[in-house]
Amino acid sequence: MTDPCPDDEADLLPDHEADPGDPEDVAPESVFADVEEFVALYFSQVINRQVSNSPGRGLSWDPRWWRYREVYERLTALWQAYEGAVVSDDPSAMSRWWITDVDAHLKVLLDGATGPMSHVDPDGSWNGHGPLPCAPMPQQEE
């Protein structure tokens, strides 16, 4: 059985050395440097929704989105998927990004009743619902 957590850093390296002259080994340059830039310069400018000022009602968005781990993780996933769609040779990649990725994540992110930023107060006093409760798995008898 292979060790899923190798101790030796050499185990983490690819089997071959990348040749900087090989175009297949050169990663395309990102449109945005990081998720913060993606949200500030693209996502928040392109997404156009009526956001409620009443906590728990309508759509919710907190401009301090980075405070919510789930929101941060979902927006990071959207940013990474966006970067992949932009460089894709498939002409429908961006359309799929919108329909599959953005639409699905927006339903959760902006859900004013149960979403990760629901019940946010304009003064910033609310910082999410907290993690889901999690109990340890019972030991299995051998």
Side-chain angles (χ1 to χ4, degrees), residues 1-140:
M1 182 164 100
T2 326
D3 181 3
C5 302
D7 294 329
D8 187 357
E9 286 184 31
D11 293 339
L12 301 175
L13 298 175
D15 292 342
H16 71 283
E17 290 290 323
D19 177 7
D22 185 355
E24 289 185 22
D25 287 337
V26 177
E29 190 171 321
S30 294
V31 176
F32 300 101
D34 54 32
V35 66
E36 181 180 12
E37 188 176 286
F38 169 74
V39 173
L41 300 180
Y42 183 76
F43 188 81
S44 67
Q45 303 303 306
V46 173
I47 301 301
N48 186 352
R49 300 290 189 279
Q50 177 65 45
V51 178
S52 174
N53 291 331
S54 301
R57 300 179 63 197
L59 301 179
S60 292
W61 176 258
D62 186 348
R64 299 161 303 245
W65 57 270
W66 36 263
R67 297 187 328 167
Y68 307 87
R69 176 135 187 213
E70 180 181 356
V71 175
Y72 182 88
E73 296 293 333
R74 284 177 176 273
L75 290 173
T76 297
L78 280 175
W79 164 56
Q80 291 168 340
Y82 171 87
E83 294 290 350
V86 166
V87 298
S88 175
D89 292 334
D90 181 354
S92 64
M94 284 304 295
S95 178
R96 264 197 320 285
W97 177 76
W98 277 99
I99 294 168
T100 304
D101 298 315
V102 177
D103 290 348
H105 283 292
L106 280 180
K107 286 178 183 175
V108 174
L109 289 172
L110 301 180
D111 183 337
T114 64
M117 293 182 285
S118 62
H119 303 280
V120 65
D121 290 322
D123 67 359
S125 59
W126 174 244
N127 193 20
H129 299 286
L132 296 174
C134 187
M137 291 177 58
Q139 295 281 334
Q140 290 186 10

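Along the sequence shown, residues carry numbers from 1. Predicted model only: the values in this text are computed from it and were never measured. These numbers come from the heavy atoms of this one structure, side chains and all, not from hydrogens, waters or symmetry mates.
- Judged purely by distance below 3.5 Å, without hydrogens or angles, the side chains of T114 and H129 never pair a donor atom with an acceptor atom.
- Annotation for S52 and G58: closest pair CB-CA, 4.0 Å, computed over non-hydrogen atoms.
- Taking OH of Y68 as the reference point, atom CD of E73 lies at 15.5 Å (rounded to 0.5 Å).
- Between the side chain of E37 and the main chain of A33, a donor-acceptor pair closer than 3.5 Å is present.
- Contacts of W79 classified as side-chain hydrogen bond (donor to acceptor under 3.5 Å, both in side chains), with partners at least two apart in sequence or in another chain: E83.
- A pairwise comparison of heavy atoms in S118 and G115 identifies OG-O, 2.8 Å as the closest pair.
- With rounding to the nearest 0.5 Å, the separation of CG in L106 from CH2 in W61 is 8.5 Å.
- No salt bridge links R96 with D101; every basic N to acidic carboxylate O contact stays at or beyond 4.0 Å.
- F32 has its ring centre less than 6.0 Å from the ring centre of Y82.
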Side chain to side chain contact (heavy atoms under 4.5 Å, CB included) for L109 and L75? Distances and angles first, verdict last. CA-CA 9 Å; L109 289 172; L75 290 173; 3.9 Å; yes
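- Side-chain contact between V35 and L78: absent, with no pair of heavy atoms (C-beta onward) separated by less than 4.5 Å.
- In this model, no donor atom of one side chain and acceptor atom of the other lie less than 3.5 Å apart for S88 and D90.
- Using cut-offs of 30° and 60° for the angle between ring planes, the W97 and F38 rings count as perpendicular.
- Residue L59 holds its CG atom at 8.0 Å from CD of Q50, rounded to the nearest 0.5 Å.
- Put simply, the side chain of V108 reaches to within 4.5 Å of the side chain of P116, judged on heavy atoms.
- Atom CG of L41 sits about 9.0 Å away from atom CD of E36, to the nearest 0.5 Å.
- Counting only heavy atoms from C-beta outward, the side chains of E70 and M117 never approach each other to under 4.5 Å.
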Go through the steps for V120 and R64 under the test side chain to side chain contact (heavy atoms under 4.5 Å, CB included), then give the verdict. CA-CA 10 Å; V120 65; R64 299 161 303 245; 4.1 Å; yes
